[in-house]
S.K.: 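Below are the structure tokens for one structure; questions will follow.
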Amino acid sequence: QVQLVESGGGLVQAGGSLRLSCAASARIFSSYALAWFRRAPEKEREFVAAIDWSGGNTAYADSVKGRFTISRGNAKNTVFLQMNTLKPEDTAVYYCAAKYDDDVSRLDRSYNYWGQGTQVTVSS
């Protein structure tokens, strides 16, 4: 059973930084893309960032571009989200996701495995 486990969430003041981590419990497939999504209270889940197997292809939501950086660990089964200059509107539960192939996608329905989520709260 594949599990994606997120960590690194917490409470931070506006302008601060957090680093989220996600680790897959087992090797999922030969190569696969990983992504971060988030769901704010009373809002739909939205795309944040995605990265391919090599780490050479990334995508970001416009709302986080220039502030967040997605990266892949040397072990490839880990993904990080460095979040800088955080804003109260970044408050949400952040989810890690993996998909069967290596195509970076912004669509949540493209992803096959999901973590349980980690709460990020940004105070003003």
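Since the model is a prediction, treat every value here as computed from it, not as a measurement.
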S.K.: Which residue, Leu18, Ile51, Val48, Thr118, forms the side chain to side chain contact (heavy atoms under 4.5 Å, CB included) with Leu81?
M.R.: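 So the option named by the test is Val48.
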S.K.: Is there a side-chain hydrogen bond (donor to acceptor under 3.5 Å, both in side chains) between Gln119 and Thr121 once you walk through the steps?
M.R.: CA-CA 6 Å; Gln119 177 70 47; Thr121 303; 3.3 Å; yes
S.K.: Check whether any side-chain heavy atom of Asp101 sits under 4.5 Å from a side-chain heavy atom of Lys99, and report yes or no.
M.R.: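 In contact.
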S.K.: Against Tyr32, only a single residue in Asn77, Asp103, Asp52 fulfils side chain to side chain contact (heavy atoms under 4.5 Å, CB included); can you say which?
M.R.: Asn77
S.K.: Would you call Glu6 and Trp114 a side-chain contact if the rule is heavy atoms closer than 4.5 Å?
M.R.: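 Contact flag for Glu6/Trp114 side chains = no.
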S.K.: Decide yes or no for Cys22 and Trp36: does some side-chain heavy atom of the first lie under 4.5 Å from some side-chain heavy atom of the second?
M.R.: yes
S.K.: Between Asp62 and Lys65, is there a side-chain N and carboxylate O pair less than 4.0 Å apart?
M.R.: yes
S.K.: Enter the distance from Ile70:CD1 to Leu20:CG here, rounded to the nearest 0.5 Å.
M.R.: 10.0 Å
S.K.: Sequence neighbours excluded, which residues qualify as side chain to side chain contact (heavy atoms under 4.5 Å, CB included) partners of Thr85?
M.R.: Arg67
S.K.: Regarding Glu46 and Arg39, does a basic nitrogen lie under 4.0 Å from an acidic carboxylate oxygen?
M.R.: no
S.K.: Could you check whether any side-chain N or O of Tyr111 sits under 3.5 Å from a backbone N or O of Ser105, counting only pairs where one atom can act as donor and the other as acceptor?
M.R.: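 Yes, because the side chain of Tyr111 sits within donor-acceptor range (under 3.5 Å) of the backbone of Ser105.
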S.K.: Could you check whether any side-chain N or O of Gln13 sits under 3.5 Å from a backbone N or O of Val122, counting only pairs where one atom can act as donor and the other as acceptor?
M.R.: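 Pair absent, no side-chain N/O of Gln13 close to backbone of Val122.
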S.K.: Give the minimum heavy-atom separation between Gly9 and Val120, together with the two atoms involved.
M.R.: CA-CG2, 4.2 Å
S.K.: Considering all heavy atoms of both residues, which atom of Thr91 and which atom of Ala40 are nearest to each other, and what is their separation?
M.R.: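 Where Thr91 meets Ala40 most closely, the heavy atoms are O-CB, 3.6 Å.
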S.K.: If hydrophobic clusters are built from ILVMFWY residues whose side chains come within less than 4.5 Å, do Met83 and Val64 share one?
M.R.: yes
S.K.: Report, as yes or no, whether the 6.0 Å neighbourhood of atom CD on Gln116 holds more than 12 heavy atoms from other residues, nucleotides or ligands.
M.R.: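 No, CD of Gln116 has 12 or fewer neighbouring heavy atoms, counting only those of other groups under 6.0 Å.
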S.K.: Tell me, with the steps shown, if Thr78 and Ser21 meet side-chain contact (heavy atoms from CB on, under 4.5 Å).
M.R.: CA-CA 7 Å; Thr78 56; Ser21 301; over 6 Å; no
S.K.: Step by step, would you call Phe37 with Phe47 a ring pair (Phe, Tyr, Trp, His ring centres under 6.0 Å)?
M.R.: CA-CA 5 Å; Phe37 288 78; Phe47 170 77; 5.7 Å; yes
S.K.: Distance-only, no hydrogens or angles: does the Thr69 side chain make a donor-acceptor pair with backbone N or O of Gln82 under 3.5 Å?
M.R.: no
S.K.: Does Arg72 qualify as a cation-pi partner of Phe80, given the criterion of NZ or CZ under 6.0 Å from the six-membered ring centre and within 45 degrees of its axis?
M.R.: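 Geometry flag: not set, cation outside 6.0 Å or 45°.
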S.K.: Can you measure from OH (Tyr94) to OG (Ser7) and round to the nearest 0.5 angstrom?
M.R.: 15.0 Å
S.K.: Applying the 4.5 Å side-chain criterion to the ILVMFWY set and letting contacts propagate, would Leu34 and Trp53 be lumped into a single cluster?
M.R.: yes
S.K.: State the CD-CZ distance between Glu44 and Arg38, to the nearest 0.5 angstrom.
M.R.: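 If we round to the nearest 0.5 Å, Glu44:CD and Arg38:CZ are 14.0 Å apart.
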